[in-house]
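Atoms within each ligand, like the ligands themselves, are counted from 1 in listed order. Side-chain atoms are counted along with the backbone in the values below, which use heavy atoms only and exclude waters and symmetry mates.
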Amino acid sequence: MSPTRILVTGGAGFIGSHYVRTLLGPFGPGDVHVTVLDSLTYAASTANLDEVRHLDSFRFLAGDICDEALVGDLIAGHDQVVHFAAESHVDRSIRSSAEFVRTNVLGTQVLLDAALRHGLATFVHVSTDEVYGSIATGSCSETDPVNPNSPYAASKASSDLIALAYHRTHGLDVRVTRCSNNYGHRQFPEKVIPLFVTNLLDGKKVPLYGDGLHVRDWLHIDDHVQGIELVRTGGRPGEVYNIGGGTELSNRELTDLLLETCGAAPEMIEYVDDRKGHDRRYSVDWSKIQTELGYKPGKDFADGLAETVAWYRDHRDWWEPLKDRAVRLAGPC
Ligand code: NAD
């Protein structure tokens, strides 16, 4: 049987590159060819793909998902799309949202149109728990309505709705995943964990928003990749799957753990003005992917955090060049 040809958008970013390295690694399915389409924005790192660059089953293309001609040609030669490409940093969407609407909404629509025209088999759309908005208690299930607050979340919710509309209207096999906050190595040092870790490694304070009591669920990157792969291979068309990690922490609790792991004192916390419209708590119910597809997060949070900190300690060559860009665009996620 010929290999499944998968187009991965945004594969030079944090999650997309983990996904590609896993697909083409020793524990991957083995019967896939992967093309990465990535426009190499500030958030990308081509070094993220060094491990797979030499493989015959891998191809990289620098290009924009909004480029209709390019996307049409590419999708014609593929069986499946796993769509990660996005503007992903909430703070940047508050400062300026145009690029978020262009890439996250228009770019997704361009991909979906090409998928429909060329009879693509499966389209996995990677989204976020932020589309549900803030929830004081309990957890959001896949049938809850979207209620996004930040421009980032609104752009992702828009793209989810368009993706699901292509299933309902045209019968395209679209599957949507909505995950909680990812962590792990190779995350761009503007997001809270790598920002705080790299600050602490440099002996700098960490900027904690507001009262620090905003709550997030933390999902290790390997567990997220496992969830996406389960959805790609076994998910049902037109369905949404929440993916959580099972470790709910306030930002203050997270910061305390980071200080402890980095051997830093509580005085290294600098409370800063809260993010505008900062959602208090996100929480997703991920029992559907668990019961339907056998998803089970495997990474203990303390282990995952310690490994992540150790990786940043050992890979200054990776993050130092990116940190300048991050500082210019700064703010925790
Ligand atoms: P990232 O910012 O690290 O990577 C995004 C990648 O997309 C980059 O390589 C960038 O160059 C590429 N890209 C941006 N605009 C593009 C365009 N117009 N054309 C082609 N490529 C483009 O993001 P990430 O953290 O890896 O997130 C991946 C996906 O997961 C996103 O869709 C994001 O919304 C979603 N997500 C992320 C998290 C998280 O905790 N990081 C949580 C929930 C959902």
Side-chain angles (χ1 to χ4, degrees), residues 7-21 35-49 60-68 70-71 74 81-93 98-111 124-132 148 150-160 163 176-195 216-221 223-225 227-228 241-245 254 279 282 284 286 308 319 322 325-326 329 332-333:
L7 177 64
V8 176
T9 71
F14 169 48
I15 306 172
S17 67
H18 274 271
Y19 182 70
V20 169
R21 291 194 307 275
T35 305
V36 165
L37 173 64
D38 196 299
S39 63
L40 300 179
T41 69
Y42 78 96
S45 168
T46 52
N48 287 347
L49 295 167
F60 177 80
L61 211 80
D64 191 331
I65 58 166
C66 299
D67 181 336
E68 283 179 42
L70 171 72
V71 165
L74 258 183
V81 167
V82 184
H83 174 36
F84 296 92
E87 286 294 332
S88 67
H89 191 41
V90 176
D91 289 310
R92 298 189 75 234
S93 81
E99 201 52 31
F100 286 73
V101 174
R102 195 188 78 87
T103 285
N104 301 1
V105 185
L106 181 63
T108 300
Q109 181 265 325
V110 167
L111 286 163
V124 179
H125 174 64
V126 178
S127 188
T128 167
D129 59 0
E130 300 196 25
V131 300
Y132 295 115
S150 73
Y152 163 71
S155 70
K156 293 296 292 188
S158 307
S159 63
D160 290 15
V176 175
T177 63
R178 292 179 179 152
C179 67
S180 55
N181 272 33
N182 285 224
Y183 75 101
H185 66 284
R186 295 181 182 276
Q187 188 169 29
F188 191 84
E190 66 185 346
K191 305 284 170 48
V192 65
I193 290 182
L195 173 68
R216 301 292 184 263
D217 173 74
W218 289 95
L219 170 65
H220 190 267
I221 183 70
D223 290 326
H224 187 197
V225 163
I228 291 169
Y241 294 90
N242 290 340
I243 307 176
L254 173 71
D279 280 339
Y282 299 129
V284 282
W286 41 276
T308 302
W319 60 264
L322 306 181
R325 295 187 219 162
L329 306 160
C333 173

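Here SG of C179 is found 6.5 Å from CD1 of I228. Values are rounded to the nearest 0.5 Å. Annotation: the span from L61 atom CG to S39 atom OG amounts to 11.5 Å, rounded to 0.5 Å. Here the NE2-OG1 distance, from H83 to T177, works out to 10.5 Å after rounding to the nearest 0.5 Å. To the nearest 0.5 Å, the span separating CH2 on W319 from OG on S45 amounts to 14.0 Å.
For ligand 1, the polar-atom distance check finds an N/O of T41 within less than 3.5 Å of one of the ligand's N/O atoms. Residue F14 places at least one N or O, backbone or side chain, under 3.5 Å from an N or O of ligand 1. Of the N or O atoms in I15, one or more lie within a sub-3.5 Å distance of an N or O in ligand 1. Close N/O approach between S39 and ligand 1 is found [any backbone or side-chain N/O within under 3.5 Å].
If you number the atoms of ligand 1 from 1 as listed, the ones under 4.0 Å from a heavy atom of G13 come out as 3 (O), 4 (O), 8 (C), 9 (O). Close approach of ligand 1 to S88 (heavy-atom distance below 4.0 Å) involves ligand atoms 1 (P), 2 (O), 23 (O). Annotation for ligand 1: atoms under 4.0 Å from non-hydrogen atoms of T128 are 43 (C), 44 (C). Distances below 4.0 Å separate heavy atoms of A86 from the following atoms of ligand 1: 5 (C), 7 (O), 14 (C), 31 (C), 32 (O). Residue-ligand proximity, G63 to ligand 1, at heavy-atom distances under 4.0 Å covers atoms 19 (N), 20 (C). Within the listing of ligand 1, atoms 9 (O), 11 (O) sit less than 4.0 angstrom from a heavy atom of A44. Close contacts between ligand 1 and V126 involve ligand atoms 30 (O), 32 (O) [criterion: under 4.0 Å to a heavy atom]. Residue contact check: C179 has heavy atoms under 4.0 Å from atoms 42 (C), 43 (C), 44 (C) of ligand 1.
Remark: distances from the non-hydrogen atoms of F84 to ligand 1 include one below 4.0 Å. Taking 4.0 Å as the cut-off, G11 does not count as a neighbour of ligand 1 on heavy-atom distance. For A12, the heavy-atom gap to ligand 1 drops under 4.0 angstrom. Taking 4.0 Å as the cut-off, Y152 counts as a neighbour of ligand 1 on heavy-atom distance.
A side-chain donor-acceptor contact under 3.5 Å links Y282 and E130. Side chains of R186 and N48: a donor on one and an acceptor on the other come within 3.5 Å.
Looking at atom 18 (N) of ligand 1, its nearest protein heavy atom turns out to be D64 OD1, 2.9 Å. For atom 19 (N) of ligand 1, the nearest protein heavy atom (residue, atom name, distance) is I65 N, 3.0 Å. Nearest protein heavy-atom neighbour of atom 15 (N) of ligand 1: T103 CG2, 3.5 Å. Among protein heavy atoms, atom 11 (O) of ligand 1 sits closest to D38 OD1, 2.6 Å.
Note on ring orientation: taking the six-membered ring where Trp is involved, the planes of W218 and Y183 are perpendicular (angle over 60°, cut-offs 30° and 60°).
Here the closest heavy-atom approach between residue S155 and residue N104 is recorded as OG-ND2, 3.0 Å. The heavy-atom pair separating A157 from P148 by the smallest distance is CB-CG, 3.7 Å. Minimum interatomic distance between V90 and S93 (heavy atoms only, all atoms of both residues): O-OG, 2.7 Å. Minimum heavy-atom separation, V71 to D64: CG2-O, 4.0 Å. Of all non-hydrogen atoms in A153 and V131, the two that sit nearest each other are O-CG1, 3.9 Å.
Here W218 has no heavy atoms under 4.0 Å from ligand 1, in either its backbone or its side chain. When non-hydrogen atoms are compared, ligand 1 lies under 4.0 Å from the side chain of K156 (C-beta onward) but not from its backbone. When non-hydrogen atoms are compared, ligand 1 lies under 4.0 Å from the backbone of S127 (N, CA, C, O) but not from its side chain. Counting heavy atoms under 4.0 Å from ligand 1, residue L40 touches it through the backbone alone.
For the pair R92 and Y42, the distance from NZ or CZ to the six-membered ring centre is under 6.0 Å and the angle to the ring normal is within 45 degrees.
Considering each of N182, T177, L70, the one bringing a non-hydrogen atom nearest atom 39 (C) of ligand 1 is N182.
The closest donor-acceptor contact from the side chain of T9 to the backbone of F84 lies under 3.5 Å.
The environment of CD in E68 is sparse: at most 12 heavy-atom neighbours from other residues, nucleotides or ligands sit within 6.0 Å.
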